[in-house]
Amino acid sequence: MAAGQGGGGGLEALGPGGLMSAAQALSLPAEAYGNDPNIEMVWAMKAVQHAEVYYNLISSVDCQFLKLTKVDDRIYSEFRECFKDLKVDVLDPEELKSEPAKERWRPFCLRFDGVVEDFNYGTLLRLDCTRDYSEENTIFATRIQFFAIEIARNREGHNRAVFAGTQKDETAEKSAGTPA
């Protein structure tokens, strides 16, 4: 059962009081916690919830004209200015995580400090945009990296495969479910 769908797991397992405490805790600076496993778990659950919502969104609508932020145009133009040749349909983790890649990404990301809320929060990003989130198809990235890559995927038509696959599955289910 996916997180957020009942069954006692996920954020709802914290209950209303726990959720309020978690929300308050997440507003404090990271230095206040060190490596608190409870905080790390809440961050992980938040990242998974964000991933589920995003995947459901691109599965439900043709995302070529989808807006993810108020500054999508700026994010896209600056991303493609800085990363002209970055292949976004299937990402190479080294293009995000190697030391040279981090040196290239850092100035780009910092351009959005104060422009994109929580620009440096951890977010899950699919490596292959034609596939769902899974352990082997997911990498941890900053929110601005997520926005830059997903806006590019949407505008360049790469995420259409997810929507088209969902539409094909729904058509097949309707055909199979037609009473005789």
Holding to salt bridge (Lys or Arg N to Asp or Glu O under 4.0 Å), I want the full list of residues that pass it with E94, two or more places apart in sequence or in another chain.
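With neighbours one apart ignored, the set is empty.
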Those residues that, when tested against D128, pass salt bridge (Lys or Arg N to Asp or Glu O under 4.0 Å) (two or more places apart):
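Here no residue qualifies.
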Determine yes or no for a side-chain-to-main-chain donor-acceptor pair under 3.5 angstrom, with [X] supplying the side chain and [Y] the backbone.
| X | Y | answer |
| --- | --- | --- |
| R104 | C82 | yes |
| K97 | F140 | yes |
| E150 | F147 | no |
| R143 | F146 | no |
| S77 | R74 | yes |

For [X], enumerate each residue passing the side-chain hydrogen bond (donor to acceptor under 3.5 Å, both in side chains) test, keeping only those at least two apart in sequence or located in another chain.
| X | result |
| --- | --- |
| D73 | R155 |
| T69 | D72 |
| E95 | none |
| T123 | none |

Tell me every residue that passes side chain to side chain contact (heavy atoms under 4.5 Å, CB included) with [X], counting only those two or more places apart in sequence or in another chain.
| X | result |
| --- | --- |
| S134 | R131, E136, N137 |
| K70 | none |
| L66 | L57, I58, V61, C63, L68, N154 |
| D62 | Q64, R160, F163 |

Side-chain atoms of residues 109-120: list all donor-acceptor pairs with protein atoms under 3.5 Å, sequence neighbours left out, distances to 0.1 Å.
residue: R111; atom: NH1; partner: E78; partner atom: OE1; Å: 3.1
residue: D118; atom: OD1; partner: Y121; partner atom: OH; Å: 3.3

Spatial distance of atom NE2 (H158) from atom SG (C129) [nearest 0.5 Å]
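The distance works out to 6.5 Å.
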Nearest atoms (heavy-atom pairs only) where [X] meets [Y]:
| X | Y | answer |
| --- | --- | --- |
| V88 | R80 | CG1-NH2, 3.6 Å |
| V162 | S59 | CG1-OG, 3.4 Å |
| A47 | G122 | CB-O, 4.3 Å |
| F79 | A152 | CE2-CB, 3.7 Å |

Any side-chain heavy atom of [X] within less than 4.5 Å of one from [Y]?
| X | Y | result |
| --- | --- | --- |
| N159 | R126 | yes |
| Y55 | H50 | no |
| I149 | L125 | yes |
| W105 | I144 | no |

May I ask you to check whether Y76 and E156 show a side-chain donor-acceptor distance below 3.5 Å?
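Yes, a side-chain donor-acceptor pair sits under 3.5 Å.
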Quick one: side chain to side chain donor-acceptor pair (under 3.5 Å) pairs with a partner in residues 81-91, sequence neighbours left out?
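Qualifying pairs: none.
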